[in-house]
Number of protein chains: 2
Amino acid sequence: MLAKIHVTLKNGVLDPQGKAIEHALSNMGFDGVDAARQGKYFELDLAETDREKAMKNIEAMCRKLIANTVIENYSIELE
Amino acid sequence: MLAKIHVTLKNGVLDPQGKAIEHALSNMGFDGVDAARQGKYFELDLAETDREKAMKNIEAMCRKLIANTVIENYSIELE
């Protein structure tokens, strides 16, 4: 089973990488970008075939390792 | 218009971050993760309302700034 995980900064947390991208795009002549945010994306191949168990497992991985839940949100899709 | 961009390493390119996550998960007792890959995720708010123009614009941004097309693939979703 393939798990796709998105980790993004919570609202209100400063995103210097996103700001840098915004400024770089504007300096390169790309107008009309009102905001840019950078997050992380993970793909995990899992041996587990039970969706519910897999979801529970991945939530634990996100909380304990993949996301910093103080400043980041995570979302999980299973395929 | 919101653009969601995923940037992932091309097949065959070494992914040390993904390997580190694999090993860390296994050391923490999470079994059954056959492979982990890390990519990047971007969200851009665009003033453009024409989907076709927006797509063309974002492709140019990806090629010139956001992705390193020598080693990375990018995919774009518009919302």
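In what follows, every chain begins at residue 1, and chains take the letters A, B, ... in the order their sequences are listed.
If you measure heavy-atom distances from A:L2 to chain B, the contacts under 4.5 Å come from the side chain alone. Proximity to chain B (any heavy atom under 4.5 Å) is shown, for A:F42, by both the backbone and the side chain. With a 4.5 angstrom heavy-atom cutoff, A:M28 touches chain B only via side-chain atoms.
Between A:L46 atom CG and B:F30 atom CZ the span is 11.5 Å, to the nearest 0.5 Å.
Chosen from A:A35, A:A60, A:A36, the residue pairing most often with chain B at heavy-atom distances under 4.5 Å is A:A35. The greatest number of non-hydrogen atom pairs below 4.5 Å with chain A, out of B:V7, B:I5, B:L25, is found for B:L25.
B:L14 and B:I71 are assigned to two separate hydrophobic clusters, defined by single-linkage of ILVMFWY side chains at heavy-atom distances under 4.5 Å.
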Would you list the atom pairs in which one atom of chain A and one of chain B form a donor-acceptor pair under 3.5 Å?
unit_1: A:H6; atom_1: NE2; unit_2: B:H6; atom_2: NE2; d: 2.5
unit_1: A:G32; atom_1: O; unit_2: B:A47; atom_2: N; d: 2.8
unit_1: A:D34; atom_1: N; unit_2: B:D45; atom_2: O; d: 2.7
unit_1: A:A35; atom_1: O; unit_2: B:D45; atom_2: N; d: 2.8
unit_1: A:R37; atom_1: N; unit_2: B:E43; atom_2: O; d: 2.8
unit_1: A:R37; atom_1: O; unit_2: B:E43; atom_2: N; d: 2.9
unit_1: A:R37; atom_1: NE; unit_2: B:E43; atom_2: OE1; d: 3.3
unit_1: A:R37; atom_1: NH2; unit_2: B:E43; atom_2: OE1; d: 3.3
unit_1: A:G39; atom_1: N; unit_2: B:Y41; atom_2: O; d: 2.6
unit_1: A:G39; atom_1: O; unit_2: B:Y41; atom_2: N; d: 3.2
unit_1: A:Y41; atom_1: N; unit_2: B:G39; atom_2: O; d: 3.2
unit_1: A:Y41; atom_1: O; unit_2: B:G39; atom_2: N; d: 2.6
unit_1: A:E43; atom_1: N; unit_2: B:R37; atom_2: O; d: 2.9
unit_1: A:E43; atom_1: O; unit_2: B:R37; atom_2: N; d: 2.8
unit_1: A:E43; atom_1: OE1; unit_2: B:R37; atom_2: NE; d: 3.3
unit_1: A:E43; atom_1: OE1; unit_2: B:R37; atom_2: NH2; d: 3.3
unit_1: A:D45; atom_1: N; unit_2: B:A35; atom_2: O; d: 2.8
unit_1: A:D45; atom_1: O; unit_2: B:D34; atom_2: N; d: 2.7
unit_1: A:A47; atom_1: N; unit_2: B:G32; atom_2: O; d: 2.8

message = Pair A:I21, B:M61 - check side chain to side chain contact (heavy atoms under 4.5 Å, CB included), show working.
response = CA-CA 10 Å; A:I21 294 167; B:M61 293 178 200; over 6 Å; no
